Novice: 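One structure coming up, written as structure tokens, with questions to follow.
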Amino acid sequence: MSSRIVSVETFPVSYPVTGRFRFFAGKGTPRRETIVVKIADDAGHVGWGQSVPSPTWSYETIDTVRTTIDRHLGPALVGIDPFDEPAIRRVLDRTIAPSFSTGQPICKAGIDLALYDLAGRARNSTANDRWNRAGNSHVTLSWTLDPGSLDDIPELIAEAHARGFRHFNAKVGPDPEFDVAMCREVRRIAPEAFLWVDANGGYEVEQALALAPRLADLGVAAFEQPLRPNRLSGFKRLMEQGALPILMDEPIITRTDLEEFHRLGLLDGVAMKVSRCGGLSEAVRIMEYVEAEGLLFFASGLTDPDLSFAASLLLFGAYRLERPAALNGPQFLSGSILSRPIEVTGDQARVPTGMGLGVVVDENKLTSME
């Protein structure tokens, strides 16, 4: 099958945020801003994707994503065969060059998802068809805890339980004493819950080394991104300590990144984010390495709505994620641009089963949420 890309369009879509979450804190009513990408080819096929920048988490913003696609990546893709993945990758990397790793991966994820969706619809294939995998039909979600004070924790857990959530991922750093007290309180109220912590690089090396055994004593399952991405010797020391499994998140953008960090003995596993690594194409390559090497497979996202959420569910379902996924879009976001929003019942998210990304965009809803 061969065709040519004729248009790449972008649409700003903003979702209301409910509840407290540090990455969307600020003045006024918080919103989760995204860019929806629509790609069409000369055979009449259309695909939809979504970029989910978060400037409090990475250097990418809603403005950089849109201008990069509109002025650079989109024009460079026009005339390219949408089914030629190596050619697409060369064009994307030539137009916005890599730095340490892929340049502007969150931006490129929107394009990758749109091309994945287009190819699936053109070939009448689902994710399981394309990857030749018989995956899980549902993904279990965890509830993100990011309390402003210890007094907030019982109410947050009660809300989670009322909505059918049983497991928790906690945002930690930079205060170790607060974080230990928080995890102790979670264990008191929900002793059977699966619990892991994510510092988003918020600790210094000595803090993390002192904290890891204390978290292990509380039954925490893993320590995600305890240090900033460039503190590689610190990751080595945490691995040598062996108090908790060490997961990398922010530094793992490509399979090459993972291979190098693994060879250096810096991690036990990965907290996978489809939106962080440039989309499904690279995410699958990363997951192939995770499977082959027997690394721990945890999963999270960037408070993903709609199309980005669908892509995450496809990957985590296909690779039979065993642990609850920190996909907290259903927890914090309202609104949808889909003709039929993704089904989430309690902590069970149904993996889409349609062609491409498995979901359908309602363009009237899209316009109303710009």
Side-chain angles (χ1 to χ4, degrees), residues 8-16 32-41 44-52 82 106 108-131 133-141 272-275 278-281 283-284 299-319 321 325 327-370:
V8 180
E9 300 176 76
T10 59
F11 307 85
V13 175
S14 178
Y15 300 81
R32 205 294 173 244
E33 294 183 312
T34 74
I35 293 294
V36 169
V37 182
K38 179 182 181 182
I39 298 180
D41 70 5
H45 305 126
V46 173
W48 295 88
Q50 192 165 31
S51 296
V52 289
I106 297 174
K108 290 174 180 174
I111 288 174
D112 180 86
L113 297 189
L115 290 169
Y116 181 94
D117 191 47
L118 185 153
R121 296 183 185 285
R123 294 168 173 159
N124 200 36
S125 65
T126 66
N128 285 346
D129 295 334
R130 182 162 177 173
W131 297 330
R133 301 182 70 92
N136 295 333
S137 63
H138 291 77
V139 171
T140 299
L141 307 182
M272 274 297 304
K273 283 183 172 68
V274 172
S275 46
L280 284 168
S281 299
V284 167
S300 63
L302 287 174
T303 314
D304 306 80
D306 287 333
L307 298 158
S308 189
F309 184 43
S312 297
L313 293 175
L314 291 178
L315 183 78
F316 303 154
Y319 282 86
L321 175 67
L327 293 172
N328 55 26
Q331 177 182 344
F332 289 114
L333 305 181
S334 60
S336 176
I337 61 170
L338 303 180
S339 59
R340 178 179 295 179
I342 294 169
E343 180 183 331
V344 180
T345 304
D347 64 359
Q348 298 298 300
R350 181 179 290 277
V351 177
T353 57
M355 303 302 108
L357 291 179
V359 294
V360 177
V361 171
D362 183 326
E363 296 198 45
N364 290 324
K365 291 183 179 180
L366 176 73
T367 302
S368 70
M369 292 184 66
E370 286 186 356

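In this text, all values refer to a predicted model and were calculated from it rather than measured experimentally.
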Novice: Is a donor from one side chain sitting under 3.5 angstrom from an acceptor on the other, for Ser308 and Asp304?
Specialist: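 Yes, a side-chain donor-acceptor pair sits under 3.5 Å.
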Novice: Does the pair Leu307 and Ile337 meet the rule for a side-chain contact (heavy atoms from CB on, under 4.5 Å), with working shown?
Specialist: CA-CA 9 Å; Leu307 298 158; Ile337 61 170; 4.2 Å; yes
Novice: To the nearest 0.5 Å, tell me how far Thr10 OG1 sits from Lys38 NZ.
Specialist: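 The NZ atom of Lys38 is 12.0 Å from OG1 of Thr10, to the nearest 0.5 Å.
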Novice: Does Phe309 reach the side chain of Val344, with side-chain heavy atoms less than 4.5 Å apart?
Specialist: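 Result yes, sub-4.5 Å side-chain heavy-atom pair found.
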Novice: Can you tell me how far the OG atom of Ser281 sits from the CD1 atom of Ile111, to the nearest 0.5 Å?
Specialist: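 Here the rounded value is 11.5 Å.
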Novice: Step by step, work out the side-chain contact (heavy atoms from CB on, under 4.5 Å) result for Trp48 and Asp306.
Specialist: CA-CA 11 Å; Trp48 295 88; Asp306 287 333; over 6 Å; no
Novice: Would a 4.5 Å heavy-atom cut-off, applied to side chains only, mark Leu280 and Trp131 as touching?
Specialist: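 When only atoms from C-beta onward are counted, Trp131 and Leu280 do touch, with a gap below 4.5 Å.
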Novice: Just checking Arg340: does its CZ atom have more than 12 heavy atoms from other residues, nucleotides or ligands closer to it than 6.0 angstrom?
Specialist: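 Check fails, neighbour count at 12 or below.
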Novice: Hey, what do you get for CG (Leu327) to CG (Leu302), rounding to the nearest 0.5 Å?
Specialist: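 Going from the CG atom of Leu327 to the CG atom of Leu302 covers 10.0 Å.
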Novice: What heavy-atom pair brings Pro12 and Ile35 nearest, and what distance separates the two atoms?
Specialist: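 Shortest heavy-atom contact: CA-CD1, 3.9 Å.
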Novice: Do side-chain atoms of Thr34 reach the backbone of Val13 as a donor and acceptor pair under 3.5 angstrom?
Specialist: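 Yes, the answer is positive, given that a donor and an acceptor are paired below the 3.5 Å cut-off.
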Novice: Return yes if some donor-acceptor pair links the side-chain N/O of Asp347 with the main-chain N/O of Thr140 below 3.5 Å, else return no.
Specialist: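 It does not hold such a pair.
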Novice: What's the separation between atom OG1 in Thr353 and atom CG in Leu313, rounded to the nearest 0.5 Å?
Specialist: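 Answer rounded to 0.5 Å: 11.5 Å.
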Novice: Please tell me if the side chains of Val351 and Phe316 come closer than 4.5 Å, counting only heavy atoms from C-beta onward.
Specialist: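 No, every pair of side-chain atoms sits at 4.5 Å or beyond.
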Novice: Can you tell me how far NE2 of His138 sits from OG1 of Thr345, rounded to the nearest 0.5 angstrom?
Specialist: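 Separation between the atoms: 6.5 Å.
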